[in-house]
Amino acid sequence: VHALEDREIPGRSVCLVIATLQEGSCGSTERFAEGLIEPIAVLPKHLCVARSLGRVSSEGSILVQMMNVSPTAVKVYKGIQLGRFVPQRDLTLMESSIAAVSSSDRRESTRFNLDSAEITDSEKHELRSLLRKFDDLFVSGNGALGRTKVVKHNIN
């Protein structure tokens with residue numbers, strides 16, 4: 001994902017930058033109209049790119065959300081690499097792999113330490129019961145956060 005034009009980002013602000021996919025980076029843009037924009041590690045000083053879902057337009061451009069944390073304006077020059085584009089088909093494969101690992105690794109119940117909680121014993125019992133009931137909604141220890149299909153991001 002490369003900046004399509006020069007753009008000045010005001011200090012301490014967030015804005016959208018029009019970008020394009022580099023030729024041959026993932027094949028035809030029509031085949032991969034949606035995907036994930038992954039920021040790269042090396043960007044101009046004080047600039048950040050948001051990891052986000054995006055849709056490639058029919059012209060081959062995509063909007064990239066950028067933030068300038070500096071108090072002064074920073075210029076993004078045409079052609080600078082802002083990130084990489086992961087096509088949706090690759091995301092679907094990753095999501096399937098993550099789901100398979102998560103379900104095989106899930107414990108039957110999560111242990112919650114409520115010993116230091118300043119609540120009565122009956123409230124602790126009720127809370128433990130509630131937490132066990134919705135065990136699949138919590139990440140504990142070194143558990144990995146999952147993905148969701150509930151929200152779909154779209155920029156018009």
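Numbers for residues simply follow the sequence, beginning at 1.
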**Student:** For Leu43 versus Gln81, what's the shortest heavy-atom pair and its separation?
**Tutor:** CD2-O, 3.7 Å
**Student:** Should the heavy atoms of other residues, nucleotides or ligands under 6.0 Å from NZ of Lys124 be counted, would the total exceed 12?
**Tutor:** yes
**Student:** Strictly by modelled atom types, are Ser57 and Glu59 linked by a side-chain donor-acceptor pair under 3.5 Å?
**Tutor:** yes
**Student:** Could you walk me through whether Val1 and Arg84 pass side-chain contact (heavy atoms from CB on, under 4.5 Å), step by step?
**Tutor:** CA-CA 5 Å; Val1 178; Arg84 67 182 194 91; 5.7 Å; no
**Student:** Would a 4.5 Å heavy-atom cut-off, applied to side chains only, mark Arg51 and Leu36 as touching?
**Tutor:** yes
**Student:** Taking side chain as C-beta onward, heavy atoms only, is Ile37 less than 4.5 Å from Ile62?
**Tutor:** yes
**Student:** What distance separates Glu8 CD from Tyr77 OH, expressed to the nearest 0.5 Å?
**Tutor:** 9.0 Å
**Student:** Quick one: do Leu16 and Val14 end up in the same hydrophobic cluster if we chain Ile, Leu, Val, Met, Phe, Trp and Tyr together by side-chain heavy atoms under 4.5 Å apart?
**Tutor:** no
**Student:** Evaluate the side-chain contact (heavy atoms from CB on, under 4.5 Å) criterion for residues Val17 and Leu63: first the C-alpha distance (whole Å), next the side-chain angles of each, then the deciding distance (0.1 Å), finally the verdict.
**Tutor:** CA-CA 6 Å; Val17 174; Leu63 293 174; over 6 Å; no
**Student:** Return the set of residues passing side chain to side chain contact (heavy atoms under 4.5 Å, CB included) with His125 (not counting sequence neighbours), or none when no residue passes.
**Tutor:** none
**Student:** When you check the side-chain N and O atoms of Ser129 and Glu126, is any donor under 3.5 Å from an acceptor?
**Tutor:** no
**Student:** Which atom pairs, one a donor and one an acceptor, fall under 3.5 Å between side chains of residues 65-74 and the rest of the protein, sequence neighbours left out?
**Tutor:**
| residue | atom | partner | partner atom | Å |
| --- | --- | --- | --- | --- |
| Asn68 | OD1 | Ser70 | N | 2.9 |
| Asn68 | ND2 | Ile9 | O | 3.1 |
| Asn68 | ND2 | Pro10 | O | 3.3 |
| Asn68 | ND2 | Thr72 | O | 2.9 |
| Ser70 | OG | Thr72 | N | 3.1 |
| Ser70 | OG | Thr72 | O | 3.4 |
| Ser70 | OG | Thr72 | OG1 | 3.1 |

**Student:** In terms of heavy-atom contacts, does CD1 of Ile40 have more than 12 from other residues, nucleotides or ligands at under 6.0 Å?
**Tutor:** yes
**Student:** Could you tell me whether Glu34 and Arg55 have a side-chain N and a carboxylate O separated by less than 4.0 Å?
**Tutor:** yes
**Student:** Decide yes or no for Ile80 and His2: does some side-chain heavy atom of the first lie under 4.5 Å from some side-chain heavy atom of the second?
**Tutor:** no
**Student:** Taking Thr20's backbone N and O only, do any of them form a donor-acceptor pair with Ser61's side chain (distance below 3.5 Å, no angle check)?
**Tutor:** no
**Student:** Going by heavy atoms in the side chains, are Leu82 and Val76 under 4.5 Å from each other?
**Tutor:** yes
